[in-house]
2 protein chains.
Amino acid sequence: MRIGELADRTGTSRRLLRYYEEQGLIVSQRCANGYRSYDDRFADRVLQIRGLLDAGLPTRVIKQVLPCLDKPRAIVFSDATPEIIETLSQELERMQRRIDALTRNRDAVTEYLDEVRAQARPATEVAA
Amino acid sequence: MRIGELADRTGTSRRLLRYYEEQGLIVSQRCANGYRSYDDRFADRVLQIRGLLDAGLPTRVIKQVLPCLDKPRAIVFSDATPEIIETLSQELERMQRRIDALTRNRDAVTEYLDEVRAQARPATEVAA
DNA sequence: TGAAACCTTCACATCAGTGTGAAGGTCAAG
DNA sequence: CTTGACCTTCACACTGATGTGAAGGTTTCA
């Protein structure tokens with residue numbers, strides 16, 4: 001698959017796909033003519049990257065996190081330097097804090113919306 | 001409390017406090033000499049803002065979300081225009097997606113770290 | 001053969017959240 | 001009265017994620 005198809009499949013601009021490659025988040029094969037060529041499983045990978053980015057992780061961190069997440073573990077033992085482990089632990093904490101903040105605020109917004117709706121409806125249901 | 005103290009209490013630079021004010025996230029009283037003056041409860045507010053920013057919400061959205069989160073509801077009915085409600089609903093979805101992505105990846109990282117540690121320890125415990 | 005639709009690299013632009021620092025006002029303490 | 005530690009506004013700089021578009025190569029199809 002070439003870059004255009006990957007872009008279409010993932011809803012990601014070509015520009016960004018090249019950017020992710022530049023940042024070391026994905027790699028590409030090259031055809032004889034220089035065109036990038038991607039394996040099918042890259043669609044998921046790109047989506048995962050988007051999710052992590054949207055979740056607030058910078059590409060620098062994603063680059064370290066990603067290889068640990070591939071399901072058929074390729075690098076459990078090999079590349080797991082103490083530094084990587086340390087970075088990952090820290091990042092885990094930050095993710096947890098983000099989750100907490102998001103959850104708290106999601107709940108608050110939900111509650112608010114519920115109140116507003118509960119207050120809008122009865123007025124028409126009961127009074128009508 | 002003046003800006004310096006608020007900055008110290010919240011671990012936020014003065015620059016950013018002014019920026020948040022500029023973006024309409026906080027307001028300040030002014031002393032006779034022009035210095036900003038803050039109520040004690042602003043510390044929490046700033047922390048909440050930091051949390052939301054870190055969670056990926058832009059100031060534009062935070063500005064809309066924040067007033068709905070104040071606990072003694074000041075604006076349940078009054079300012080709840082349909083547009084605000086709509087924005088909030090959408091933002092709620094985005095927050096949920098972020099939470100999901102973060103949770104998924106947190107779990108994956110946790111699992112990875114567990115595996116690495118489980119593989120590092122027995123080697124020394126059992127073999128020793 | 002030439003147009004359309006891909007692709008390449010490169011460079012400059014934008015936006016938000018920040019930092020940094022200049023130029024200057026205020027106030028308390030020596 | 002001066003010094004130091006605050007404060008003010010303003011403006012420019014940076015970073016990271018993105019858009020845009022130029023200048024040019026490749027492939028396909030009429």
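Values below: all heavy atoms of this structure, side chains included; hydrogens, waters and symmetry mates excluded. Order of the sequence lines fixes the chain letters, A, B, ..., with proteins taken first and strands second; residue numbering starts at 1 for each chain. Just so it is clear, the structure is predicted and the values come from calculations on it, not from any experiment.
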As a test of reading the structure: which of C:dT8, C:dG19, D:dG25 is closest to the side chain of B:S13, going by heavy atoms? C:dG19
Between atom CD in A:Q23 and atom P in D:dA17, what is the gap in whole Å? 6 Å
With distance as the sole test, does B:T12 use its side chain to make a donor-acceptor pair with the main-chain N or O of B:T10 at under 3.5 Å? yes
Distance only, no hydrogens: is a donor on one side chain within 3.5 Å (strictly under) of an acceptor on the other, for A:D100 and A:Q96? yes
Shortest side-chain distance from B:R18, nucleotide among D:dT8, C:dT18, C:dC27: D:dT8
Tell me whether the side-chain N or O atoms of B:R15 pair up with the base of C:dT20 as donor and acceptor below 3.5 Å, since no angle test is needed here. yes
Given C:dT18, D:dT26, D:dA17, which nucleotide is nearest the side-chain atoms of A:L53? D:dA17
Counting the atoms with a prime plus P, OP1 and OP2 as sugar-phosphate, which does A:R60 contact under 4.0 Å by heavy atoms, base, sugar-phosphate, or nothing? nothing
Write down the distance between CD1 (B:I62) and P (C:dA16), rounded to a whole number of angstrom. 13 Å
In whole angstrom, give the distance that lies between atom CD of B:E21 and atom P of C:dG17. 16 Å
What is the distance, rounded to the nearest whole Å, between atom CZ of B:R36 and atom P of D:dC6? 17 Å
Please state how far atom NZ in B:K63 lies from atom P in C:dA16, giving the value in whole angstrom units. 13 Å
Return the 5'-most residue of the pair B:Y20, A:R30 with respect to DNA chain C, ranking by each residue's nearest nucleotide. A:R30
State whether the side chain of A:R98 and the backbone N or O of B:D54 hold a donor-acceptor pair below 3.5 Å, judged by distance alone. yes
Do A:E5 and A:R9 sit within salt-bridge range, that is, some charged N less than 4.0 Å from a carboxylate O? yes
Atom-pair distance (CG on B:D8; P on D:dA5), nearest Å: 14 Å
What is the distance, rounded to the nearest whole Å, between atom CG of A:L16 and atom P of D:dT18? 5 Å
Rounding to a whole Å, what distance do you find between B:Q29:CD and D:dC7:C1'? 17 Å
Any donor-acceptor N/O pair under 3.5 Å between C:dG19 base and B:Y19 side chain: no
Does B:N33 put a side-chain nitrogen or oxygen below 4.0 Å from OP1 or OP2 of D:dT8? no
5' precedence on DNA chain D between A:R50 and B:R2 (nearest-nucleotide basis): B:R2
Within less than 4.0 Å of OP1 or OP2 of D:dA17, is there a side-chain N or O belonging to A:T59? yes
Sole candidate of A:R45, A:R36, A:K63 that passes salt bridge (Lys or Arg N to Asp or Glu O under 4.0 Å) when paired with A:E21: A:R36
